[in-house]
Structure formats: structure tokens, C-alpha cells
Colleague: 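Handing you this structure, nothing more for now.
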Amino acid sequence: MNPSRPLPANRYGGFSADGREYVITDPRPPRPWVNVIANERVGLAVSHTGSGFSWIDNSQLATVTRWQQDLAADRSGKFVYVRDAEDRRLWSLSPSPTWAPLENYACRHGFGYTVFEALHHGIASRWTLFVDVTETVELWLVELTNSSGRARRLSASGYLEWCCGVSPSPRREFGRLFLETWRDDPRRAVFARNHMWDVPSKEFGHWNTSFPFVSAFAASEPVDAAEGDKAAFLGRFGDLPAPAALGEAAWASRFGRHEDPIGALRVPIDLAPGATRRIGFVLATSRDDGETAGLVDRFARLDAIDEALARVGPSWERRLAAHRIETPIASLDALVNDWVRYQAISARLWGRCGYYQQSGAYGFRDQLQDSQVWLTIEPERCRAQLRLHAAHQFADGSVYHWWHPPTEQGHVTAMTDDLLWLAFVAASHLRETGELGILDDESPYLDAPAPAPLSDHVLRAFRRVFGRISPRGIPYIGAGDWNDGLSAMGLAERGESFWLAQFLAGLLRDWAEIWSRRGLPELSSEFAHRREALVAAINRHGWDGEWYLRGTLDSGHPLGASADKVARIFLNPQTWAILSDVASPERAARCLASVRRHLVTDAGALLLAPAFDRPVAEIGYITRYAPGLRENGGVYTHAATWAIAAAAKAKDAELAGRLLAAINPAGKDPERYFAEPYVLPGNVDGPDSPHHGRGGWTWYTGSAAWLHRVVSEWILGVRPEWDGLRIDPCLPPGWDRARMVRPWRGSTWEIEIERGAAPGITVDGAALSGGMIPVPSGVGRHRVRATIA
Ligand code: GLC
């Protein structure tokens, strides 16, 4: 809303003035700084070095181009080489793989695209990579300008290595026995397919199925050489920085079923002084040769690529426009309004991919939580996500922990919380939209194909959890709750989870309300009674004196207790005691004081402290991470966003503000922080790591969608409740105002929050009592002014 305020920069790069691009100008930041670009079907991950890979439908099982995960060298992927035919100088349009010195280097990561700009050897270049808004094509636009003052004879060669299946492919020698490539000269294209897809198939058994896609790599301009074999391209024991073929007039042109499959296309270019040539490359993937050829015909043309590129920016702007915030912190606005929502949609929901994790799967709890990013802008997409996940539940209420599209391979575990996220996100949807009709949305069970309403799915999940309660009234933890790594605490169904108990208590509160609105008073009162008993049990058995315990092991030994040397206190049981209204105000204050004392660092709130210092088989694999990494005593940003919400809910504005500032990646010192300054990392090392403050696992984290929700609902405090829109800001100290525009129940709400002497709220000039805007009867645009102390 106010793009003129300066955004932080560092020696490697910074945000563009409007915050919509991150521009890297030094090619050696501490780690690959990446963009994850996707539409609902295809995508690519590309780092600032130009390395990366592409996929369709599943970034792990259906990887189109090959990549080696090597974040230190980062020299594996798809590239464009330029060669000067006269003096034989060779360089790439991105730093990798040649690492020729590039003048004026810039890598501009934007929403839905990445551009590499450089000047080398008198040739200015721009290489833009993106995917079409809807079609299954990745498009490259290469622009070369001769600024050398003399006529030049050059070539531009696009290069990629085919995977066409499961990634990573460590058994390349086995895998290539099934790949087939061919040339299609009239189309200036090379094609690839894989006759063996190493996934189990219900129909045909193990591995006995073809990869269900055909890919093509094509150029928009005449091609004078094409290659399909890696050894022929690189030369014997050659390498990507200087492929031998690029120095040869004619290429071996080996295609077929007996080569080491790559795709390379060379476009010759004569460039007069001052002239610019544009070349398009297309990576198209579809179900069969004909469909893929059709995509090549449509997109391997400069005008089609220009048109497709022109649609990308507006598609993101439109998507994100309806809900905006403005705070005194410009970088927070850029993140919350744009970057973390882009991260949640492009990387988490569509690509399901990051540079640290090529997943491709839907996590039952993960993408449901992520889908909350749609609630204020396209709630029907969150509703569709609820249906999708409901269809991955068994009739006994249990669910797949994750499953892979399109093979539908799913993973059954004894994790105890997954199934409840269906109830959680459905409740969020209902509070946002009031559409009780979602409860009638029908989905089958995995083992019972008759469609059943969402309300039935949710109830079966609850019933299953109600059947797994300890004699003390606390749910068992099984093979883990939200924290995957607590994977062995409750394998014998004796270990308990106080966090799960709190999570369940919040859900019982919400669903008592929903059942009553649904006209089911008995169910409603059953839930209310269960909640009362659960809250009492948590407070009786889960309180350690200064904080809540995390749980108990099968042996009965408590976890997260002051008597222990490691893992004495966990974050989630303190924050969810507040979020689920389990703690009394007195205990809530003590929880936050303990969080402050033991868990708050300048890098955010730690998930637990001190870190486990050796493997403990009875607890689980969390104990096997090096101390301070990931969940083991790191700042786990997903949980760190909940801590912000809890502090704000308890009106501890100082703590909320401190925790929020601590996880904002934008202004960090890159020599300490390492990770991208424009998206959230999954974790930041805690103090038990020698790299305290170092971010990692960027992009692929549930914290992205949550940060958006927490800042909107708890810091700015604009929160849908059952009967209205609550206006309940908790601005950090030093913030004197904030604004938000958001849709709610058919109307647009412009909300201004200011500090002032006479606290109160007005809606369209009229005083509002009780702090909650009632559901509007019509459609309109409303101004809300909230004055806070
Ligand atoms: C990973 C998992 C997520 C889990 C979290 C905490 O991010 O994908 O499901 O909740 O770790 O262990």
C-alpha cells in the first residue's frame, strides 16, 4: 500500500522498491537463494546460480529434469550456454555452471518468474524462466544484446538432463535403460519418455508401468544442432562448465533408447552491433506425444511466450490484492502481503517442493494448514482442500500421514494428531465464511467408497481420538503428534501428549459450537463435557510448576519437565495452553514468563530447550538431530508463529513484537543467517548449535501460511469469530498505527488502527460496542477505525 518506504538490503541483494522482487547482485551469498515457481501442475525450483529442476504433478515422483541436491556446489540443472564462434569464449547466462565472471549480474526472483541479467564479453543477456499460468509448460525467454560495438557470431545452447520419473535417481545406470529420446526437427524439439516408472502401481504391480508423461524441449528459433546423449555432449569425462560439444561444429546427435539421456539444442545467432536477438525455449510435458507436440506448437513461438509472461504478474497481483496490511515495518508488509503467501501457494500447495526437500506428497496435516492462506481470498480453494483430505481418511477415522499424487501411495502411521486437522481447518473455514454447508460436502473414505459428508468425516476422526485416551484422561501420543520426531514416545499406547490434549481441547470448544449451530444439541453438549474433563485433566496432570509438560513416555517418565537436564521445556504446550483457553490467566502468564526465560532468543522462540544431546530411542528421532537443529532445540518457525499468536492473545505485546521481529528474515545479517531474506525458513539453529541464528530448510515450511494468519488475526487482531469480525489489535510497542483491507462476508473492510487517548471502535463513523462487528446484511465497503491505548 505504501511502497515508498525503504526495504532492507545486504551485500548480496535486496528487495526491489515495491518489494515484489528480490534482486541478488552478488552471486555468492552463503547458500543458494531460490525461487519455487509453479502453477497447479508443473513447476521448477531455480536458485540464484541458475541450478535447479522441473516437475509435473509431483516434484519427487514425477521429476522431469534431473538435479543433484548439493547446496554447497549448486551446479546441477538446466542451463543456457553462449559461445562466441570466433574466439571460442564460453559462458552461461547464470553463474552456474561455467562461473564465468558476469558483469552487472542480477538474479531477480519475482512472483511466478526468475530473471538472470548479466553482461559478459560485450553481450548483455536476460534469461527469464517461468511457467504458464495454467498450461503444463515451462518457458524461457533469452534476450541477447550486442553491446561490444562489433558484429558477433554466437550460439545459444539450452541444456537439460532428463529424469522423467522418481527423483533423486541414484541408480542412473539402471534408470537410463528405460528412457527413450528422439528428435523432431520440424518442431526444433527433442522429446523424452520413460518406459519404466519405479513406483508401485495398483493395476500392474511393482515398477511395471510407464511414466505417464512425455516431455519435449524445443526452441522458438532455428536450431543447427541437437544432442540426446550426455557423454557425447560433455565429451569423455568432460563436465558441465565446459561441454566438449559446444566447441564442435557438428554434434553426434545420439538419440534413441541406448543413450544417457539429455536434451540440448543449439541456436546460431549473428548479432550486429547494438542488435538484440530473442530466443524462446519451451519445456512441455503432457500425457502423450501428440499432446506434448501440441504444446510445443502452441508455445515455441516468441509471441506466445510474451503473452504467457504478460499473464504471470497480474495473476499473482489479482490473487493477493483483496487482503493487504500496512504496518510500520515495511519488510513485514512485503512478507505478509506477498512473499509468504506466494511461498505458501507456489511452494507448499502447488509445487510441494523446496530446495531442501523435494516432497511432492500431500501431508495430511501440512497442506490442510497451508490451505488456510486461501481463507480470506479464495475460500473455496480451502474447501476443496478439505474435500481432498477427507477423501484420504479411512472409515475408522484414521488418515494417511501423507500420500503421493498421482500414484495415491499413502503412508499409514500411528501419529495421533493428523486426523484432527480436518476438524481444525473446517472450523477455521466456518468462522471465516459462516457456510455451514461445507459440512455437507461429500467425500468417500479410502476403504468405503460411498460418499459421506464432511461432518461425518470429522466426527469419525474425533471418535477415533476419543478411543485413544489414557486412564488419566490425556490422549496417547502414539508415533508422534504435530512433532513428527517424537516418534517413539507412545508406541505401546501408554505415552501421553499434553500438546495434543490442548489441541483437542480447543477443537472440542469449537465443535461444541458448530454442532449446536448445526442443530445437534446432544453432540454439542457431549463435546462441551468432554472439553471440561480434558481441561481439568491437563491442568491436574500436565502442570510442572512453572510450565506445562510436553507429555509422558510409555514408561510414564514425563517429557518437558524441570527435573530433566535436556528438553526441560517445550514451546507448544505453553502456547497452545493459551490458544485453546486451557490455562488460567495466572498459569498463562507463568507459561509466557517461562517461555521468555528459557526459550526466547534473538532468532525466535526455540521449540524446546536445552537440545537433546544424544539419541534416546524411547523418545524418537527428534533426539537424533544434532543439537540445535530443526525440532531439536532450534527455532522451528511453524511453532514460532504460534508463539506470536499466544503472546498476542495474552496481550503481551512486547513479547509478541519481539518474537515477530525475531523471525522476520528480511533484515538479518546474511553471514549469520545464511538463508533467503524473502521467505521463511523451516528452522533457524538454536543456541546449542555452533551456528545459532542460521536459517535452513527454506520454502518448504508450514510457517508461511501461518505467519500471514497470525499477523492478520492476532497482531492486527482482525479475527473472524462465530458471530462477527473481532477487532482486537495487539500492536507491538513502538507501532503507533496499522491498516488492513480485507474481504469478509461479501463486504470489503478498511480497518485503521491507531493509538490514541480515547480507545474505542467506530464502523462507518458509528461507535461499536463489544469489539465485534456483526455479520453485515448487505454487500458494501466499510471503514473501521480502532483507537487503542
Ligand atoms: C515437518 C512436518 C510437519 C510437522 C513438523 C513438526 O514440517 O512436515 O508435518 O508438523 O515437521 O515436526
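Throughout, residue positions are numbered sequentially from 1 according to the sequence presented. Atoms within each ligand, like the ligands themselves, are counted from 1 in listed order.
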Colleague: Closest non-hydrogen protein atom to atom 12 (O) of ligand 1, residue and atom name please, with distance?
Modeller: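 The closest one turns out to be E631 OE2, 2.5 Å.
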Colleague: Just by distance, do the side chain of D544 and the backbone of W547 share a donor-acceptor pair under 3.5 Å?
Modeller: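 A pair under 3.5 Å: no.
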Colleague: Under a 4.0 Å threshold between the charged nitrogen and the carboxylate oxygen, would D581 count as salt-bridged to R509?
Modeller: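 Between D581 and R509 there is a salt bridge, with a charged N closer than 4.0 Å to a carboxylate O.
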Colleague: Among all protein non-hydrogen atoms, which one is nearest to atom 9 (O) of ligand 1, and what is the separation to 0.1 Å?
Modeller: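 Among all protein heavy atoms, the one nearest atom 9 (O) of ligand 1 is R365 NH1, 2.7 Å.
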Colleague: If you measure every N/O of D366 against every N/O of ligand 1, is any gap under 3.5 Å?
Modeller: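 Such a contact does occur with ligand 1.
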Colleague: Just go through F364, Y636, Y700, W482 and tell me whose heavy atom is the nearest to atom 7 (O) of ligand 1.
Modeller: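 Heavy atom nearest to atom 7 (O) of ligand 1 belongs to Y636.
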Colleague: Answer yes or no: is there a donor N or O on one side and an acceptor on the other, between the side chain of R352 and the main chain of S59, under 3.5 Å?
Modeller: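 No; judged by distance alone, with no hydrogens or angles, the pair does not exist.
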Colleague: Ion pair present between R431 and E713, side-chain N to carboxylate O less than 4.0 angstrom?
Modeller: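 E713 and R431: not salt-bridged.
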Colleague: Backbone or side chain, does any N or O of H638 fall under 3.5 Å from an N or O of ligand 1?
Modeller: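 No, H638 has no N/O under 3.5 Å of an N/O on ligand 1.
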Colleague: Among all protein heavy atoms, pick out the one at the shortest distance from atom 2 (C) of ligand 1; state its residue, atom name and that distance to 0.1 Å.
Modeller: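 Residue, atom and distance for the closest contact: D484 OD2, 3.3 Å.
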Colleague: Do F364 and Y400 have ring centroids that are under 6.0 Å from one another?
Modeller: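 No; F364 has its ring centre 6.0 Å or more from that of Y400.
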